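The structure appears right after this line, and notes come after that.
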Amino acid sequence: MSNSQYQTYETYGPNDPYGAVYDPHEAETVAYGVQVAPTLPTPPMPMPYEDTYRPAYDLPEAPAPAPSAGASPRAARRRKGRGTERADSAMRRLLPQALVVAFLAGGTTAFVAKDKAIELTVDGKPRTLHTFADDVTELLADEGVDVGAHDVIAPAPGTALSSGDEIAVHYGRPVRLTLDGERRQVWTTARTVDGALKQLGVRAEGAYVSTSRSRPIGREGLTLDVRTERAVTVMADGRSRVVRTNAATVGEVVEEAGVTLRGQDTTSVAPGSFPRDGQTVTVLRITGTKEVRDEAIPFRVERTEDPSLFKGTEVVEQAGQAGLRRITYSLRIVNGVRQKPRRIGSEVVREARTQVVKVGTKALPMSVQGADGLDWQRLAACESGGRPDAVDPSGTYGGLYQFDTRTWQGLGGSGRPQDAPAAEQTFRAKKLYVQRGASPWPHCGRRLHG
C-alpha cells in the first residue's frame with residue numbers, strides 16, 4: 001500500500017471483466033487518498049460490437065499441414081505435439097493475469113471499508129479527516145494530539161470509531177483563583193474568563209472580576225480575582241444599614257454605607273478583614289483619655305553567712321529600696337459605655353535596690369562568770385514584759401532588757417537589740433551586769449536577786 005497522501009484506485013477499460021465503461025483519465029481525486037470517477041452526465045453508450053477476443057485456449061486449432069509425400073508417421077506426430085504445447089503456454093500466461101484482477105478487486109473493497117471520515121475538534125478548531133484508526137486513542141496518536149491529566153476528550157479514549165463520528169479535545173487551563181478572599185488553583189477547559197466562571201459555578205452577576213470577562217485564556221492559564229456580591233449589615237449610631245457590595249474589606253463596606261470613622265473609632269471586626277455574606281459589622285464610637293499610675297517594684301533580699309556573728313543573729317548590711325514603675329492606662333468610653341482601664345504602656349523610672357543581710361553562724365555562749373545565778377527572767381518580765389522585740393515609746397530602747405543601741409553595740413552586738421535572738425540578749429545583759437552591776441536597770445534591777 002502506498003504511503004502517499006492520496007491513493008489512486010484505477011478502473012479497467014472496455015475489456016474490464018467488471019464491465020466499467022468510463023474514461024479513467026477523467027477520474028477525480030478527493031482528500032485522504034481515494035480517486036473516484038467524477039459525477040458527470042453518462043456519455044452515450046457505444047453501439048454494440050462483436051467481441052472478437054478469444055483466449056488462446058479457445059482458438060480453433062490450425063489444420064495440420066498435409067504430410068508430404070514420403071513423410072514418416074513419426075514426423076506427423078511431432079507436428080501435432082507442437083500445436084498442443086503452444087495452447088498450454090498461452091493458458092499459463094493468462095492465468096496469473098486473471099488472479100491479479102481478482103485480487104485488486106477484493107483489496108479495493110477492503111480498503112474502502114476501513115477508511116472513516118471523522119470530524120476532529122481540538123480546542124475549538126474543527127477539521128474533517130479520513131483515517132484508518134480503530135479507536136479514539138489511536139486517532140489522537142496518529143494526529144499528534146498530546147493530552148494531559150486535566151484535558152477532556154469526548155468520546156473517551158479507547159472508544160471504537162465509525163465513519164461520521166465527531167471527536168472533541170478540550171485542553172485544561174490552570175486558573176489561580178482568589179474567590180471571596182480564598183486562594184486556590186483550579187483547572188478549566190473554557191477558553192474565556194466568562195466561560196471559566198460558568199464552568200466553575202461562580203455567581204458572576206454583580207461580581208467584581210479583575211479582568212475582562214471576554215479575555216481569552218491561553219494554555220498557560222491566568223490569575224483571576226473574583227468578589228461576588230454579598231449582603232452586609234452595618235450598625236452605626238443607632239441605625240442599621242444593609243449594603244449589597246463586592247468590596248474587598250470591611251472598611252470599604254462601612255464607607256459604602258455612608259458611615260465615617262473619626263478619631264479612635266473602629267469596627268467590631270478588623271477593618272481590613274474580608275466581609276462575608278450575611279455578616280453584621282458594628283461601628284464603635286470611641287472617646288477617652290490616658291491615665292498614668294506609679295507602682296512600686298519590690299526589692300530582693302540577699303542573705304550571706306557571717307561566722308563572726310552568733311547563730312540567730314542577722315545584720316542588715318545594705319538596706320533594700322523599692323523601685324518605681326510608671327504605667328499608662330487607656331480609659332475609654334465605647335458607644336457611651338465606660339470600659340475597664342486597659343494597660344497600654346509601662347516604663348521603669350527607678351530600679352529596685354537589693355537588701356543584703358548577714359546571718360551569724362558562730363555558736364552562742366550561754367554562761368558568763370559572775371552573772372549566771374541571777375534571775376534574768378524576772379528582770380526581763382519587769383523591763384519588757386518578756387518580749388524580745390519590745391521597743392519603748394520613744395524608740396530609744398529595745399529588747400528583753402531595754403538596751404539602747406550604743407550600749408548594745410558596745411557589748412559586741414550588731415544592728416538593733418530587739419532584732420537579736422532572746423538568748424543573745426540575755427548573754428549580753430550578763431556581760432553588762434559584770435561590768436556595771438544592776439545600775440543599768442534602776443527600777444527593775446533588784447529583781448535579779450529574787
Side-chain angles (χ1 to χ4, degrees), residues 293-327 346-450:
R293 302 176 187 174
D294 289 341
E295 295 181 358
I297 303 174
F299 60 80
R300 187 171 58 89
V301 178
E302 182 182 292
R303 287 180 167 80
T304 59
E305 293 184 349
D306 189 340
S308 66
L309 299 177
F310 288 110
K311 287 182 179 180
T313 302
E314 292 186 356
V315 178
V316 178
E317 185 176 45
Q318 174 181 286
Q321 183 180 24
L324 181 64
R325 179 183 291 112
R326 186 158 293 155
I327 302 175
S346 177
E347 177 188 6
V348 176
V349 178
R350 182 180 67 245
E351 296 285 353
R353 185 175 64 190
T354 302
Q355 178 167 292
V356 180
V357 179
K358 290 185 176 182
V359 180
T361 59
K362 182 180 179 180
L364 182 66
M366 300 301 295
S367 176
V368 176
Q369 188 177 0
D372 289 339
L374 303 177
D375 194 346
W376 294 100
Q377 187 174 0
R378 290 188 65 193
L379 176 61
C382 179
E383 287 288 335
S384 62
R387 294 181 294 110
D389 58 351
V391 179
D392 79 318
S394 67
T396 305
Y397 303 97
L400 287 169
Y401 306 103
Q402 293 294 287
F403 292 101
D404 63 70
T405 303
R406 183 176 180 181
T407 301
W408 171 260
Q409 294 179 352
L411 294 170
S414 299
R416 302 183 307 170
Q418 61 267 27
D419 296 330
E424 182 182 355
Q425 293 184 35
T426 300
F427 169 73
R428 302 205 184 280
K430 289 180 179 180
K431 290 181 68 175
L432 182 58
Y433 177 80
V434 170
Q435 293 176 5
R436 297 167 55 185
S439 61
W441 306 283
H443 299 290
C444 300
R446 62 179 180 274
R447 296 179 183 271
L448 288 171
H449 301 283

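All of these numbers come straight from a predicted model, not from anything done at the bench.
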Q.
With a sphere of 6.0 Å drawn around OH of Y397, does it hold more than 12 non-hydrogen atoms of other residues, nucleotides or ligands?
A. no
Q | Short side-chain to backbone donor-acceptor contact, Q355 and G320, under 3.5 Å | A | yes
**Q.** Inter-residue atom distance T396.OG1 - D404.CG, 0.5 Å rounding
**A.** 8.0 Å
Q. Got a donor-acceptor contact below 3.5 angstrom from the E424 side chain to the F310 backbone?
A. no
Q. Which atom names give the shortest non-hydrogen contact between L448 and A438, and what distance separates them?
A. CD1-CB, 4.4 Å
Q.
To the nearest 0.5 Å, what is the distance between CG on L400 and CZ on R387?
A. 9.5 Å
Q: Indicate the atoms forming the closest heavy-atom contact of T405 with G415, along with that distance.
A: CG2-O, 4.0 Å
Q | Distance (rounded to the nearest 0.5 Å) between L411 CG and K430 NZ | A | 14.0 Å
**Q.** Rounded distance [0.5 Å steps], CD in Q425 versus CZ in F403
**A.** 7.0 Å
Q) Mind checking whether S414 and L309 have side chains closer than 4.5 Å, heavy atoms only? A) yes
Q) Between Q418 and A390, which heavy-atom pair has the shortest distance, and what is it? A) CB-O, 4.1 Å
Q: Please check if atom CZ in R446 has more than 12 non-hydrogen atoms from other residues, nucleotides or ligands closer than 6.0 Å.
A: no
Q: Grab the two heavy atoms, one from S346 and one from I327, that are nearest each other, plus how far apart they are.
A: OG-CG1, 4.1 Å
Q. Are any non-hydrogen side-chain atoms of I297 and V348 less than 4.5 angstrom apart?
A. yes
Q) Between the side chain of W376 and the main-chain N/O of A371, is any donor-acceptor distance below 3.5 Å? A) yes
Q. At their closest point, which heavy atom of P388 faces which heavy atom of G386, and how far apart are they?
A. CD-O, 3.5 Å
Q) Can you tell me if CD on E351 sees more than 12 non-hydrogen neighbours from other groups inside 6.0 Å? A) no
Q. Are any side-chain N or O atoms of W441 and backbone N or O atoms of Y401, one a donor and one an acceptor, separated by less than 3.5 Å?
A. yes
**Q.** Member of R350, R326, R325 meeting the side-chain hydrogen bond (donor to acceptor under 3.5 Å, both in side chains) criterion with D294
**A.** R326
Q. Any side-chain heavy atom of H449 within less than 4.5 Å of one from L374?
A. yes
Q | Full working for side chain to side chain contact (heavy atoms under 4.5 Å, CB included) between V434 and V368 | A | CA-CA 8 Å; V434 170; V368 176; 3.8 Å; yes
Q.
Here's a test for you: under side-chain contact (heavy atoms from CB on, under 4.5 Å), which of E305, E317, E314 qualifies with K358?
A. E317
Q) Between OG1 of T407 and CD of Q435, what distance do you get to the nearest 0.5 Å? A) 9.5 Å
Q: Mark yes or no for whether Q318, through its side chain, and T354, through its backbone, hold a donor-acceptor pair below 3.5 Å.
A: yes
Q) How long is the span from the CG atom in D392 to the OG atom in S384, to the nearest 0.5 Å? A) 11.5 Å
Q. Side chain of R353, backbone of F299: donor and acceptor closer than 3.5 Å?
A. no
Q. Is it true that D375 and R447 make a salt bridge, defined as a side-chain N closer than 4.0 Å to a carboxylate O?
A. no
